[in-house]
Structure formats: structure tokens, C-alpha cells
Amino acid sequence: MIAKWMKWMTELTSRKWISRLMGRFSHSEASRILIPAFAKSYGIPLDEAEKDIKEYRTLNEFFTRRLKPDMRPIHSLPEGMISPVDALITAMGEIQTGTILNVKGQDYSLEELLNYSPRAHSYNHGFFFVLYLSPTDYHRIHAPITGSKLESEHIKGKVYPVNDFGMRNMRKVLSRNERLITYISHDLGEVAVVKVGAMNVSSIKYTDAEAKHWNRGDDMAYFEFGSTVVLLVENDTFEPLPELAPGSKVKMGEPLGRFHTAGKRSMTAHS
């Protein structure tokens, strides 16, 4: 009964007009008064922030804060892929004939997730990571590899929460919420960075909408509230680090695995 009531309340509060109101408030100077309480409530490490907490003029400006230089070292392995975000890995694994299996008890069609893009077939037997960002986390999204933008698609959608309750109790949240998808070509293949919006603000923006190329670790986009990144790797091109598993925490810049180079199909030692 409680779960049913919470599901109903989630449906009610996931309306776009509520999201717009929350967004308007978070961009207003009136929201500035909430920053200290927000930071304390979520245990946000203020020493990492680019500015002193008193310098942020709105809650949104604080939420989308940059970090001080060198707070997130970028892993240097040439054929490696890094985490684009600070996050919890909630699911990862091989994509099974176009299906992402068992993300919080639900399976996801790759076609639905990618809005029936003709590029979806390139990932039908690839690899995926679902990376959840809590309000505590740093919310900017960085390039997981060095490469060039092939295509970008913004899909308007719902604003359901992507927390544990939302993912388990709402139907296929990752495929129904707002999404900003970036396809990136690199020397050893192609990746898709699927940025999924969440409850309340659900706004995903490129740092530079005109950018066509990123180096690994470059600031690419940001969330204006907590959300999730689904990272997809092309068929038969990638092997994850063996120590990673659902429940692992990763920081932006840390390695997730490596791409296969010519004549080398298995994981070797990484530095």
C-alpha cells in the first residue's frame, strides 16, 4: 500500500509544470539562502569546489559548480575509457541482442533508449554502464574518450526520479525521461553518452553547444539536478576492468576499461 501511494505521488510530482517551477526557483537569487543547508544535508565536499560557497549566486549555480583544477586526475592509458562522471555504477554488462538486462529489475530495449536511432544496431552486442549521480555528486559530465561528435539528439520526455525507488517502481524510466544523447567517434570505435534527466529540474545542457571535438576529460555537459548517464560501447570493441561491478563508486577520470587494439583482444595490466 505504501509503495502504491509513493508511486502515485511520484507520478503527480513528475509533471513538467512542477519541473519548470523548481527550475525557475533554483535559478533565482532567492534560492541562494538554501545553499548552505543543501551542502550540509548532502555532505558535499566544499573544499573541492572552484569557488567559496558564498560566491555562488543561486542554488543552480552551486549545483552545477566546477571543481578546482586537478581535483579529478585523468587516467592516461591511451586505449582506456574513463568515467565521464562521479557516480555509483548501478548496472553494467554486455548488451544482449539489443537489450540491456536487469537494471534495477527491469530490462531496457536499446532502440527505445536511443529513440529508434539507426545507430542502435552498432551497440546491439556491445557493453553498457549505468552511472547514477546522487545530489552529493559533482554534476558535470566529461568526455569519456578523445573523439569527435558524430551526432547529437535531444529527446523531450518525462521527469521521473532516477533514484532506487523510481528505477524499481516506475516503468522504464531511462527510456521515458528526457535524454540528451551524444555519439562520439574515436580511433578505436564509437561510444554513445546518454544523459538522462531526472525529477524536479530535468535540464541537461552542453557546456559548449558548438563543440565538435573533445579530448578525454574535457567538460562536455552538465545536469541541473541529480540524474544518470548510460554509457554505451560499440559491439566487440571493449573490455571492462575486472574489479568493477554494480555497487562500485567511480570518480570522473578513473578508468572503466580499455578498447581492443589491433591484434590485442584481452585485458592486460593497466597503470
Side-chain angles (χ1 to χ4, degrees), residues 74-85 87 91-100 108-131 133 139-157 174-197 202-223 227-240 250 252-253 255-262 264-265:
I74 306 302
H75 194 265
S76 61
L77 187 67
E79 64 270 25
M81 183 173 72
I82 64 166
S83 176
V85 288
M92 59 179 283
E94 295 181 359
I95 300 168
Q96 304 292 325
T97 318
T99 301
I100 295 174
Y108 283 85
S109 158
L110 203 58
E111 286 191 332
E112 290 181 353
L113 178 69
L114 298 180
N115 200 35
Y116 301 95
S117 167
R119 292 191 178 278
H121 72 88
S122 297
Y123 301 93
N124 277 345
H125 300 280
F127 201 89
F128 77 94
F129 290 92
V130 179
L131 305 166
L133 291 77
H139 270 71
R140 301 191 81 88
I141 306 150
H142 295 250
I145 42 80
T146 294
S148 300
K149 184 195 290 185
L150 287 169
E151 189 179 331
S152 176
E153 183 177 11
H154 181 222
I155 303 152
K156 295 180 180 179
L174 298 180
S175 296
R176 296 171 69 198
N177 274 17
E178 177 192 3
R179 301 185 297 291
L180 180 62
I181 305 173
T182 312
Y183 298 93
I184 305 175
S185 172
H186 61 103
D187 288 345
L188 298 171
E190 177 183 319
V191 300
V193 186
V194 185
K195 298 160 285 292
V196 183
S202 185
S203 183
I204 317 159
K205 296 183 179 178
Y206 282 116
T207 305
D208 178 2
E210 303 302 316
K212 302 295 183 185
H213 181 87
W214 296 279
N215 291 320
R216 184 169 43 184
D218 280 354
D219 190 353
M220 185 170 74
Y222 57 90
F223 288 118
S227 200
T228 289
V229 170
V230 182
L231 189 56
L232 305 174
V233 185
E234 231 181 345
N235 300 343
D236 197 31
T237 61
F238 177 80
E239 193 166 350
V250 289
M252 192 286 288
L256 295 177
R258 68 189 299 170
F259 294 97
H260 302 307
T261 56
K264 188 189 326 183
R265 309 297 292 176

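Quick caveat: nothing in here was measured; it's all calculated off a predicted structure.
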Is any side-chain heavy atom of M92 closer than 4.5 Å to one of F129? yes

pair F223-V229: side-chain heavy atoms closer than 4.5 Å: yes

Under 3.5 Å: donor-acceptor pair, side chain of S117, backbone of L114: no

Just wondering, do Y123 and I100 contact through their side chains at under 4.5 Å, heavy atoms? no

Is the CD atom of E94 crowded by more than 12 outside heavy atoms at less than 6.0 Å? no

Can you name the nearest heavy-atom pair linking H260 to D236, along with the distance? CD2-O, 3.7 Å

Look only at the side chain of R179 and the backbone of L113, and say whether a donor-acceptor pair between them is shorter than 3.5 Å. yes

Do the side chains of T97 and H125 get nearer than 4.5 Å, heavy atoms only? yes

Work out which heavy atom in I82 is nearest to a heavy atom in G253; give both atom names and the distance. CG2-O, 3.4 Å

Give a yes-or-no answer on whether the side chains of E153 and Y183 include a donor-acceptor pair shorter than 3.5 Å. no

Quick one: CD on E234 to CG on L232, what's the gap to the nearest 0.5 Å? 11.0 Å

So which pairs with a foot in residues 143-152 pass side chain to side chain donor-acceptor pair (under 3.5 Å), sequence neighbours left out? R119-E151, S148-H213, S152-Y206

Evaluate Y108 against V130 for side-chain contact (heavy atoms from CB on, under 4.5 Å), listing each step before the verdict. CA-CA 12 Å; Y108 283 85; V130 179; over 6 Å; no

Which heavy atom in A120 sits nearest to a heavy atom in L110, and how many Å separate them? O-CD2, 3.5 Å

Closest non-hydrogen contact found for I204 with G197 is CD1-N, 3.4 Å

Point-to-point distance, once rounded to the nearest 0.5 Å, from CD of E111 to OG1 of T99: 9.0 Å

Drop me the distance from I184's CD1 to L150's CG, to the nearest 0.5 angstrom. 8.5 Å

Answer yes or no: is there a side-chain heavy-atom contact under 4.5 Å between M81 and R216? no

Whether K195 side chain and V193 backbone form a donor-acceptor pair below 3.5 Å: yes

Using 30° and 60° as the class limits, which term best fits the ring planes of F127 and F238: parallel, tilted or perpendicular? tilted

Minimum heavy-atom distance between A221 and T207, given as atom pair plus value: N-OG1, 3.4 Å

So, taking the atom named CD1 in I145 and the one named OG in S185, what distance separates them when rounded to the nearest 0.5 Å? 8.0 Å

Just by modelled atom types, is the E210 backbone N or O under 3.5 Å from a matching donor or acceptor in the D208 side chain? yes

Could you measure the distance from the NE2 atom of H186 to the CH2 atom of W214? Nearest 0.5 Å is fine. 13.5 Å

Does a side-chain heavy-atom distance below 4.5 Å link M252 with I74? yes

When rounded to the nearest 0.5 angstrom, what is the spacing between CD1 in I141 and CG in D218? 14.0 Å

Looking at every heavy atom in both V191 and P144, which two are closest together, and how far apart are they? CG2-CG, 4.4 Å

Check against side-chain contact (heavy atoms from CB on, under 4.5 Å), E190 and T237: CA-CA 9 Å; E190 177 183 319; T237 61; over 6 Å; no

Check whether any side-chain heavy atom of L231 sits under 4.5 Å from a side-chain heavy atom of P84, and report yes or no. yes

Close side-chain approach of I181 and I155, heavy atoms under 4.5 Å: yes

